[in-house]
Amino acid sequence: MRDTTVLISGASIAGPALACWLDRYGFQVTVVEKAPAPRPGGQAVDFKGRTHQTVLERMGVWDEIRQRRTGAFDTVYLDDAGRELAVMTGEFTGGDVEILRGDVAAILYERTSSGCEYRFGDSITALAETRDGVRAEFERAAAQTFDLVIGADGIHSRVRRLAFGPERDYVRHLGYYYCVAGAPGFGHDARRPERLTARAWNAPGRMAARGGSKGSHLYLFASPELDQARGDAAAQRRLVGQRFAAMGGEVPSMLAELDRLDDFYLDAIAQVQMKGRYTSGRVALVGDAAYGNTLGGFGTGLAVVGAYVLAGELAMAGGDHAAAYARYDEIMRRYAKIAGNSNAGRFMAPKTAWGIRGRNWLLGSRAFGLMMRYGDKAANDIDLADYPTLTGVR
Ligand SMILES: Cc1cc2nc3c(=O)[nH]c(=O)nc-3n(C[C@H](O)[C@H](O)[C@H](O)COP(=O)(O)OP(=O)(O)OC[C@H]3O[C@@H](n4cnc5c(N)ncnc54)[C@H](O)[C@@H]3O)c2cc1C
């Protein structure tokens with residue numbers, strides 16, 4: 001593998017996780033990331049079940065991830081008078097270990113920065129496949145040819161656009177937008193001091209939450225695609241203000257402080273649909289670029305498992321990337337089904353008053369326990385190959 005060069009676009013979770021394995025197997029890895037430096041913070045993400053844990057243990061990062069976990073938040077749904085209507089438990093939203101996305105990225109970056117070349121503040125602008133490799137052009141660096149190129153650049157992946165086609169062919173808007181603002185808020189509620197809690201309010205097609213693990217504010221609202229949502233941050237802040245203007249509870253005071261909060265981010269709740277093919281020629285996709293589903297709850301686990309499988313298959317294939325990619329497609333087609341099943345918008349912000357009541361009832365019912373068990377089962381629905389023993393990892 002010593003001579004095989006791999007370019008990875010994206011240094012969040014999928015990219016450095018893949019870099020970690022490829023470096024151990026002896027590939028020459030370059031990671032290009034558009035941000036000027038590793039991005040700290042971000043919302044909390046989570047890992048659930050033994051499959052995620054096994055992969056993280058094999059990477060040697062499980063203990064550190066546990067040490068830096070945030071603790072899971074219960075989301076308490078309230079009416080306008082502050083009465084409790086329902087509780088979404090932290091075990092549902094936070095899995096076994098909840099941790100800031102930036103902390104996972106930092107741990108993975110630290111493990112890989114000496115063996116891999118990281119280029120921050122740059123991005124691929126063009127890809128052209130030849131018989132022997134893929135020629136990549138960059139915004140800043142000189143063009144270079146690599147044996148393989150991997151898109152780990154998130155739900156709006158540029159590698160996917162360059163190698164597969166326009167985003168509209170692969171990303172489906174799920175009828176909702178979300179907005180996070182401010183750093184995650186780590187607080188206790190006087191009524192349940194032993195648990196971390198976020199407070200949330202619903203109106204049909206809307207949810208506003210304060211003080212949770214995603215950001216100090218989290219807003220979700222139902223909407224078809226909007227031009228305003230693609231505008232600048234000021235237009236996006238106005239949009240949130242308009243959509244939530246008539247809501248009660250603490251929402252008016254949240255809106256009053258929204259302009260002062262940093263880390264404002266608004267995007268569509270969307271799902272990537274690759275029809276089970278995450279590879280094309282010498283290019284492959286991993287993580288959200290391949291099987292993202294915003295707020296679907298399994299993205300981070302899928303990213304680390306996908307990276308493990310892709311690197312392992314490449315190492316086992318002894319230079320035959322086409323065979324490795326075919327195996328990767330086959331394995332992830334099945335495992336990534338989990339990302340196709342949910343629409344967090346519909347669950348967190350049902351579109352009718354009846355829908356909200358039904359969701360609140362579900363949260364307190366035995367059916368909710370079954371739903372959680374289904375999620376746990378799906379997160380483990382893969383036979384992990386023991387790649388390291390087969391290939392003699394260094
Ligand atoms: C609000 C919110 C809450 C979430 N909560 C959870 C949760 O509770 N549990 C969970 O498992 N998951 C959650 N997720 C999903 C989780 O964040 C993703 O599934 C996970 O981060 C996937 O990692 P990734 O590396 O594939 O993509 P990303 O984390 O999206 O990273 C993509 C990287 O590529 C870089 N990039 C993008 N474009 C380019 C380019 N053109 N050139 C170079 N670099 C580029 C970006 O800067 C970024 O660093 C949540 C996501 C959001 C938005």
Side-chain angles (χ1 to χ4, degrees), residues 7-19 30-40 42-49 52 70 72-73 75 90 92-106 108-109 118-127 136 138-141 149-162 167 177-181 184 209 212-215 217-220 263 265-272 285-307 336 338-339 342 344 348 375 379:
L7 172 65
I8 299 172
S9 174
S12 173
I13 293 174
L18 182 67
T30 303
V31 184
V32 60
E33 161 62 51
K34 71 175 178 184
R39 290 189 307 147
Q43 74 285 350
V45 297
D46 65 280
F47 297 103
K48 336 178 153 55
H52 298 175
T70 57
F73 273 78
T75 302
F92 178 66
T93 51
D96 298 334
V97 179
E98 195 166 41
I99 174 169
L100 294 181
R101 187 205 53 75
D103 285 352
V104 184
L108 297 176
Y109 171 69
Y118 277 83
R119 296 180 187 165
F120 288 96
D122 205 353
S123 189
I124 300 169
T125 54
L127 292 173
F138 299 93
E139 279 171 11
R140 291 176 47 201
V149 172
I150 316 287
D153 44 0
I155 202 154
H156 301 296
S157 169
R158 185 180 286 180
V159 170
R160 188 184 58 226
R161 176 162 63 73
L162 293 172
E167 179 162 316
Y177 282 88
Y178 75 92
C179 164
V180 281
S213 61
K214 306 299 176 207
H217 290 192
L218 170 66
Y219 302 90
L220 262 74
D263 300 326
Y265 189 74
L266 182 140
D267 198 1
I269 294 190
Q271 187 183 65
V272 179
L285 305 173
V286 67
D288 273 14
Y291 19 74
N293 179 349
T294 323
L295 290 172
F298 293 95
T300 316
L302 272 170
V304 296
V305 174
I338 196 172
S342 60
M348 291 162 83

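Each residue takes its place number in the sequence, starting with 1. Computed from a predicted structure; not experimentally measured. Below, all heavy atoms of this structure are taken into account, side chains as well, without hydrogens, waters or symmetry copies. Read the numbers this way: they start at 1 and go in the same order the structure lists the ligands and their atoms.
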Among Lys34, Glu33, His52, closest by any non-hydrogen atom to atom 47 (O) of ligand 1 =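 Minimum heavy-atom distance to atom 47 (O) of ligand 1 goes to Glu33.
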
key: Option nearest atom 13 (C) of ligand 1 (shortest heavy-atom distance, choices Val45, Leu295, Asp267)   =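 Looking at heavy atoms only, the winner is Val45.
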
Using heavy atoms and a threshold below 4.0 Å, how should the contact between [X] and ligand 1 be classified: side chain, backbone, both, or neither?
{"X": "Ala44", "result": "backbone"}
{"X": "Lys214", "result": "side chain"}
{"X": "Tyr265", "result": "neither"}
{"X": "Arg39", "result": "side chain"}

Is [X] close to ligand 1, meaning an N/O of one under 3.5 Å from an N/O of the other?
{"X": "Asp288", "value": "yes"}
{"X": "Gly15", "value": "no"}
{"X": "Gln43", "value": "yes"}

message = Please tell me whether Asp96 and His52 have a donor and an acceptor in their side chains that are separated by less than 3.5 angstrom.
response =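 Judged by distance alone, the side chains do not pair up.
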
query = Between Arg158 and Ser9, does any side-chain donor sit less than 3.5 Å from a side-chain acceptor?
reply =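 Side-chain D/A pair, Arg158 to Ser9: absent.
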
query = Which pair of non-hydrogen atoms, one from Val272 and one from Ala289, has the smallest distance, and what is that distance?
reply =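 That would be CG1-O, 3.5 Å.
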
